[in-house]
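Excluded from the calculations below are hydrogen atoms, water molecules and symmetry mates; all remaining heavy atoms, backbone and side chain alike, are included.
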Amino acid sequence: MTEKTVRMTNGRIRNRPFAFALLVLCVGTVFATASCSSNESKVKKMLEESLKAHGVTEIIVDLFYTDTNFPDKAYTSATLTYNFATAEGKPQREFIGFILAREGNGWRIERNTSYTKEQQQAAKYLAGRK
C-alpha cells in the first residue's frame with residue numbers, strides 16, 4: 001500500500017487529512033441544506049402573507065434560486081391554489097414566478113415574472129433576460 005492510499009484499521013480511517021476533508025464536506029452540506037430550507041420557509045411565509053387577501057389556500061414553492069452575481073436578489077416559483085373552482089369543479093391553480101429582493105433577514109416581492117422550475121432559466125430571469 002502506498003502512503004496516499006486510505007488505510008482502514010478496525011473500521012477507522014488512518015489518513016487524517018482525508019477524514020478531515022470528508023468531515024468538512026459533510027458539515028458544509030448540512031449547513032447549505034439548512035440554509036436553503038430556511039430561505040424557502042421564509043419565502044413561503046412571505047408569500048402566504050402577501051397573497052392571503054387574494055383567496056390563496058395553498059402555496060407550494062417549486063423553486064428557490066439565488067445567484068452569487070445578484071446577492072440581494074432571488075427567484076422563486078410557486079404553485080398557488082385558490083379557494084374557488086374551475087369550470088370542471090377542480091380548485092383553480094396558478095403557476096407564477098417572482099423576483100425577490102432582500103429585506104433585512106427576509107425577502108419581499110419585487111416583481112412578477114415567468115414561471116420555471118429550471119435553475120438556468122431562473123438565472124436568466126434574475127439577470128433581466130427572457
Side-chain angles (χ1 to χ4, degrees):
M1 240 187 244
T2 66
E3 191 63 35
K4 292 182 179 178
T5 305
V6 177
R7 287 181 239 140
M8 300 285 284
T9 305
N10 294 333
R12 297 174 70 194
I13 298 175
R14 292 193 59 203
N15 187 337
R16 289 182 194 253
F18 175 77
F20 182 73
L22 186 61
L23 176 67
V24 168
L25 178 66
C26 290
V27 170
T29 302
V30 168
F31 281 122
T33 302
S35 173
C36 288
S37 75
S38 172
N39 271 324
E40 281 187 35
S41 65
K42 286 179 183 178
V43 166
K44 184 174 181 175
K45 185 176 180 180
M46 180 268 305
L47 289 174
E48 286 171 347
E49 291 172 6
S50 298
L51 300 170
K52 188 183 337 179
H54 298 283
V56 175
T57 58
E58 181 184 21
I59 297 173
I60 299 171
V61 175
D62 297 319
L63 175 68
F64 177 80
Y65 176 79
T66 57
D67 191 323
T68 55
N69 295 326
F70 307 99
D72 292 334
K73 294 193 182 268
Y75 172 86
T76 192
S77 61
T79 302
L80 310 177
T81 304
Y82 292 92
N83 62 358
F84 48 87
T86 64
E88 295 86 32
K90 296 179 182 179
Q92 177 72 42
R93 291 203 173 156
E94 182 177 18
F95 303 94
I96 191 163
F98 300 99
I99 300 296
L100 307 174
R102 188 172 295 282
E103 187 172 85
N105 289 332
W107 299 94
R108 68 173 172 78
I109 297 173
E110 186 174 277
R111 69 186 197 295
N112 292 4
T113 190
S114 299
Y115 174 88
T116 188
K117 287 186 179 181
E118 303 295 325
Q119 290 185 356
Q120 290 178 331
Q121 192 63 39
K124 290 179 183 178
Y125 293 152
L126 279 177
R129 292 180 273 152
K130 298 252 177 189

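When every heavy atom of A122 is checked against every heavy atom of T116, the shortest pair comes out as N-CG2, 3.9 Å.
Interatomic distance, OG1 of T66 versus CZ of F64, reported as 5.5 Å (0.5 Å rounding). A distance of 11.0 Å separates OG1 of T76 from CD1 of I96, quoted to the nearest 0.5 Å. Of the inter-residue distances, the one linking I60 atom CD1 with L80 atom CG reads 9.5 Å to the nearest 0.5 angstrom.
Listed by first and then second residue, the salt bridge (Lys or Arg N to Asp or Glu O under 4.0 Å) pairs that reach into residues 79-95 come to none, sequence neighbours excluded. Sorted by first and then second residue, the salt bridge (Lys or Arg N to Asp or Glu O under 4.0 Å) pairs involving residues 44-58 (not counting sequence neighbours) form an empty list. Pairs engaging residues 103-124 under the salt bridge (Lys or Arg N to Asp or Glu O under 4.0 Å) rule: K73-E110, E103-R108 [sequence neighbours left out].
F95 and F84 are members of different hydrophobic clusters when ILVMFWY side chains are connected at heavy-atom separations under 4.5 Å.
Looking at L47 and V56, their side chains never come closer than 4.5 Å, going by heavy atoms from C-beta outward.
Side-chain atoms of T113 do not come within 3.5 Å of backbone N or O of F98 as any donor-acceptor pair.
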- Message: Is there a side chain to side chain contact (heavy atoms under 4.5 Å, CB included) between I59 and T79? Walk through the geometry before answering.
- Response: CA-CA 6 Å; I59 297 173; T79 302; over 6 Å; no
- Could you check V43 against E40 for side chain to side chain contact (heavy atoms under 4.5 Å, CB included), going step by step and ending with a plain yes or no? CA-CA 5 Å; V43 166; E40 281 187 35; 5.7 Å; no
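For the residue pair S77/D62, the side-chain donor-acceptor check at 3.5 Å is not satisfied.
Not counting sequence neighbours, S114 has no partner by the side chain to side chain donor-acceptor pair (under 3.5 Å) test. N105 is linked by a side-chain contact (heavy atoms from CB on, under 4.5 Å) to K42, counting only residues two or more places apart in sequence or in another chain.
With side-chain heavy atoms closer than 4.5 Å counting as contact, directly or through intermediates, the hydrophobic cluster containing Y65 also holds L63, F70, Y75, I99, Y125, L126.
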